[in-house]
Structure formats: C-alpha cells, structure tokens
Enquirer: 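Next up is a structure, given as structure tokens.
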Amino acid sequence: SEGSAEPATTPHLTGTDQDLERTLRPRSLTEFVGQARAVDNLSVTLAAAKARGEAPDHVLLAGPPGLGKTSLARILAAELGTTLHATTGPALDRAKDLVGILTQLRRGDVLFIDEIHRVPPAVEEYLYTAMEDFSVDFTLDTGPNARILPLTLERFTLVGATTREGLLTAPLRGRFGIVERLEPYPPADLVAIVTRAAGILEVGIEPDAAHLIAERSRGTPRVVNRFLRRARDVAQVGGSATIDVAVAEDCLGRLGVDGHGLEHLDRAILTALSRATEGTLGLKTLAAAVGEAEDTIEEVYEPHLLRLGFLEKTPRGRTITDAGRAALGGPA
Ligand code: ADP
C-alpha cells in the first residue's frame with residue numbers, strides 16, 4: 001500500500017516507511033524481539049537444515065501486517081547464507097512470471113512470496129509440483145502447437161507470508177512443512193523494539209515514553225517504529241534530543257491516537273456501529289459507512305477492536321459493546 005493519506009497507525013507498509021524499515025529490520029534471529037515460539041521452531045529448523053546441508057522445508061508465516069513476516073523471511077535466508085528472491089502474490093499474474101523466477105533459483109535459495117493467498121489459481125497450480133517435486137511442466141504456446149516443457153528446479157525453500165491464512169487453498173496450505181503464526185506483541189516486547197530502534201536512529205527515549213508509545217501501537221512493531229519517527233520529529237522541532245513523555249503525548253495527540261490507542265478510523269467504525277438502527281451492521285455496510293476497504297477492516301481494524309473488547313461479531317453482523325460505547329465517550 002502507498003500514500004501519505006494513510007493514517008499513522010496503519011500497519012500496512014507506506015512509501016515513507018521503506019527506508020526506515022530497511023534500517024530497522026532485525027538481521028538475525030537474536031535481534032528479532034519476541035514471538036518466542038516461532039523463533040524457537042525456526043531456529044531448530046535452521047540448525048537441522050544446516051547440519052544436513054539441505055534446504056529446509058517450506059515455511060508459511062501467517063499473521064496481521066507489520067508483525068515481522070518479511071523480516072523473518074530475510075533472516076532465514078541470511079542465516080542459511082543463501083539469496084532471497086522476493087515477490088508478491090498479486091505480482092505473479094501469469095504462470096510465465098513464476099516459472100521465470102523458479103528457474104533462476106540456485107540450490108538452497110529462499111523464494112519469498114508475500115500475500116501468497118493472492119496468487120492467481122492458474123499460477124498456484126505450478127507451485128504444487130515446484131514445492132513438492134522441484135519441477136514444473138511448463139506449457140509452451142497454446143492450441144495445436146502446445147508443447148509441454150518439463151523443467152527441473154534446484155531445491156529451494158519457499159517462504160510464504162499471508163495476512164489471511166483462511167483464504168489459502170487446502171493443496172497449497174498442505175505443502176508447507178512448517179506453519180508459524182505471529183501474534184500481536186505484548187507492550188514489553190514493543191518497548192524493547194522501540195528502544196532498539198531509537199538506538200539505531202540515534203535519538204534518546206525515556207523509558208516512560210517508550211512504554212506510552214508501546215501501549216498505543218496496536219501490538220505492531222511497524223506502528224511503534226512509525227510513532228518513534230514522528231516523535232523524533234516532534235522532539236527535534238522542540239529543540240530536544242530526547243523523547244520524553246510530554247513529547248510522546250504531543251506526538252500521539254497530533255496523530256489523533258487516543259488513550260486506548262484508537263485512531264480516527266477505529267472511532268469511525270465504533271460510531272457507525274453505535275448508530276446502527278438494528279444494533280448490528282454487515283461488513284459491506286460498515287465499509288461503505290466509514291469509506292474503507294472491506295479487507296482492511298477485516299484484517300486490521302476489527303481484530304484490534306475485538307481484542308480490546310469494543311466490538312463483537314454476532315451471526316447478524318458486527319455490534320458495539322458497552323466498553324466500546326464508553327471508549328467513544330458516550331453513555332455506556
Ligand atoms: P510484515 O512482513 O509482517 O508486514 P515486517 O517484517 O515488514 O512485517 O516488519 C515491519 C517492521 O517492523 C520491520 O522493518 C522492523 O523494523 C519491525 N519489526 C517487525 N518485527 C520485529 C521484531 N520482532 N523485532 C524488531 N523489529 C521488528
């Protein structure tokens with residue numbers, strides 16, 4: 001995703017993030033904060049693969065945007081000492097594109113496919129034999145001239161990332177030997193992440209300020225790092241080299257992030273639900289009411305509001321809870 005119109009709390013990658021993310025990305029499993037279970041499983045996989053001198057099993061990383069899936073894919077390639085080839089599901093428009101990438105892979109390379117649930121079905125079929133037998137039957141030409149070209153591939157490791165594990169087809173899902181789900185980070189992990197990032201960006205941050213920013217960042221490293229960058233700007237403009245609580249509060253206020261870590265769109269969703277005459281709204285109506293894509297509401301906003309207990313899903317639709325009404329500042 002792109003655009004400066006994105007709210008600061010969006011966990012999607014925005015244009016201005018890219019340089020920052022390159023600088024702040026953890027480079028090894030030891031630098032990767034939190035997600036202990038996933039990190040532990042992956043380090044066992046890595047150690048075993050290295051001991052055998054073989055490419056590890058294919059890995060599926062699932063979880064909301066901004067939690068470290070891309071970082072983990074890069075770390076796997078780095079720790080294996082191999083090359084990472086990165087693409088995305090929607091970019092693999094034609095089977096030709098995928099076959100082109102597959103045939104370039106050298107022994108042990110990592111192929112990273114972000115948003116793998118969005119690989120078109122006709123292209124996905126090629127992944128099956130590629131993952132299982134390290135071969136593809138590529139069809140040249142069409143109609144009476146059609147010829148099948150069997151291609152042998154080098155053993156590689158596919159790392160797929162998805163924000164919507166439920167949308168993966170069973171045959172694709174079943175071809176991953178390792179599936180790791182990333183969860184939103186607890187505040188203590190986000191404090192560690194933002195403190196590390198502040199060190200890299202050479203800006204001071206007081207522990208109270210780090211806690212405040214961490215608490216409001218929706219459990220998401222990408223969001224906490226974005227708050228840090230904005231807070232650094234606020235500190236600099238104010239002539240301070242350190243982010244203290246006052247600077248952090250000022251920054252969050254400017255970004256429209258309230259005491260619950262809610263931003264404009266969260267409040268718009270809650271407001272729309274609080275006005276629903278039947279008490280519930282379907283996803284389509286809700287999306288139209290707040291002017292946001294259904295996908296984004298389902299992947300990003302709803303999970304957060306559900307976790308906070310401000311929204312509930314019922315068989316008839318979404319509904320606001322008493323706590324949600326209270327958070328809006330209205331009568332409970
Ligand atoms: P995803 O692929 O899940 O959207 P990324 O791997 O791109 O997420 O992570 C976004 C940014 O968040 C990274 O550039 C990095 O700065 C930071 N980040 C994510 N996970 C961690 C972590 N566990 N430790 C430290 N920083 C992290």
Side-chain angles (χ1 to χ4, degrees), residues 1-2 6 8-43 59-79 84-91 110-118 158-165 168 179-203 205 210 213-214 216-232 295-296 298-301 303-304:
S1 49
E2 83 303 330
E6 292 267 14
T9 48
T10 179
H12 287 298
L13 190 63
T14 66
T16 39
D17 281 330
Q18 294 194 8
D19 289 341
L20 184 76
E21 298 224 328
R22 222 164 290 135
T23 336
L24 298 184
R25 237 181 238 300
R27 311 252 164 224
S28 64
L29 280 183
T30 31
E31 274 182 28
F32 193 89
V33 177
Q35 308 290 346
R37 197 190 39 211
V39 166
D40 193 48
N41 289 342
L42 291 174
S43 51
V59 180
L60 181 67
L61 302 171
L67 293 198
K69 299 183 294 298
T70 307
S71 302
L72 279 178
R74 295 195 169 275
I75 289 170
L76 282 179
E79 304 236 344
L84 179 124
H85 305 253
T87 185
T88 71
V110 172
L111 171 60
F112 176 56
I113 306 183
D114 201 2
E115 297 186 74
I116 195 162
H117 59 278
R118 293 180 60 193
L158 177 64
V159 180
T162 182
T163 48
R164 302 291 295 276
E165 194 187 346
L168 248 66
V179 178
E180 294 298 337
R181 292 182 192 91
L182 304 189
E183 306 289 340
Y185 291 67
D189 284 350
L190 294 165
V191 167
I193 289 171
V194 78
T195 306
R196 169 183 174 269
I200 295 171
L201 296 180
E202 298 182 336
V203 57
I205 184 164
I213 293 179
R216 309 262 182 104
S217 61
R218 318 171 77 90
T220 309
R222 177 172 292 139
V223 174
V224 88
N225 282 343
R226 192 174 302 142
F227 285 169
L228 174 69
R229 190 182 57 203
R230 301 293 284 265
R232 179 180 62 164
D295 264 5
T296 309
E298 267 201 304
E299 275 174 39
V300 174
Y301 292 96
H304 185 59

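Read the numbers this way: they start at 1 and go in the same order the structure lists the ligands and their atoms. Since this is a predicted model, take the numbers as computed values, not measurements. Counting begins at 1 with the first residue of the sequence.
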Enquirer: Locate the shortest heavy-atom distance separating Pro26 from Arg196; write the atom from each residue and the value.
Expert: CA-NH2, 3.5 Å
Enquirer: Check each atom of ligand 1 against the heavy atoms of Pro65 and keep those under 4.0 Å away; list them by number with element.
Expert: 4 (O)
Enquirer: Just one of Arg118, His117, Glu298, Glu115 clears the side-chain contact (heavy atoms from CB on, under 4.5 Å) bar with Thr163, so which one?
Expert: His117
Enquirer: Under a 4.0 angstrom heavy-atom cut-off, which atoms of ligand 1 come close to Ser71?
Expert: 5 (P), 6 (O), 9 (O), 13 (C)
Enquirer: Could you list all the side-chain hydrogen bond (donor to acceptor under 3.5 Å, both in side chains) pairs where at least one residue sits in residues 179-193, not counting sequence neighbours?
Expert: Asn41-Glu180, Glu165-Arg181
Enquirer: Side chain, backbone, both or neither: which applies to Ile193 and ligand 1 if a contact is any heavy-atom pair less than 4.0 Å apart?
Expert: side chain
Enquirer: Please check if the side chain of Thr30 supplies one atom and the backbone of Ser28 the other of a donor-acceptor pair under 3.5 Å.
Expert: no
Enquirer: Hey, looking at atom 17 (C) of ligand 1, which of Asn225, Val223, Thr23 has the closest heavy atom?
Expert: Asn225
Enquirer: Which heavy atom of Leu228 sits nearest a heavy atom of Ala198, and at what distance?
Expert: CD2-N, 3.6 Å
Enquirer: Which of these, Ala192, Ala62, Pro64, Pro26, has its nearest heavy atom closest to atom 26 (N) of ligand 1?
Expert: Pro26
Enquirer: For ligand 1, is Arg222 a contact, meaning one of its heavy atoms is under 4.0 Å away?
Expert: yes
Enquirer: Looking at ligand 1, does any of its N/O atoms fall within less than 3.5 Å of an N/O of Phe32?
Expert: no
Enquirer: Any atom of ligand 1 sitting under 4.0 Å from a heavy atom of Ala161?
Expert: no
Enquirer: Would you kindly specify which portion of Leu182 sits under 4.0 Å from ligand 1, judged on non-hydrogen atoms: side chain, backbone, both or neither?
Expert: neither
Enquirer: Any nitrogen or oxygen of Glu31 lying under 3.5 Å from a nitrogen or oxygen in ligand 1? Just yes or no.
Expert: no
Enquirer: Flag Pro221 as yes when one of its N or O atoms lies below 3.5 Å from any N or O atom of ligand 1, and as no otherwise.
Expert: no
Enquirer: Below 3.5 angstrom, do we get any N/O pair linking Gly34 and ligand 1?
Expert: no
Enquirer: How long is the gap from OG on Ser217 to CG on Leu190, to the nearest 0.5 Å?
Expert: 4.5 Å
Enquirer: Which pairs would a plain distance check flag for residues 64-78, meaning a side-chain donor or acceptor within less than 3.5 Å of a matching protein atom at least two apart in sequence or in another chain?
Expert:
unit_1: Lys69; atom_1: NZ; unit_2: Gly63; atom_2: O; d: 3.0
unit_1: Lys69; atom_1: NZ; unit_2: Pro64; atom_2: O; d: 2.8
unit_1: Ser71; atom_1: OG; unit_2: Arg25; atom_2: NH1; d: 2.9

Enquirer: Which of the atoms of ligand 1 are close to Leu24, meaning less than 4.0 Å from one of its heavy atoms?
Expert: 16 (O)
Enquirer: Ile116 and Ile113: which non-hydrogen atoms are nearest, and at how many Å?
Expert: CB-O, 3.7 Å
Enquirer: Which heavy atom of Ala197 sits nearest a heavy atom of Asn225, and at what distance?
Expert: CB-OD1, 3.4 Å
Enquirer: With respect to Tyr185, determine whether any N or O atom, backbone or side chain, lies less than 3.5 Å from an N or O atom of ligand 1.
Expert: yes
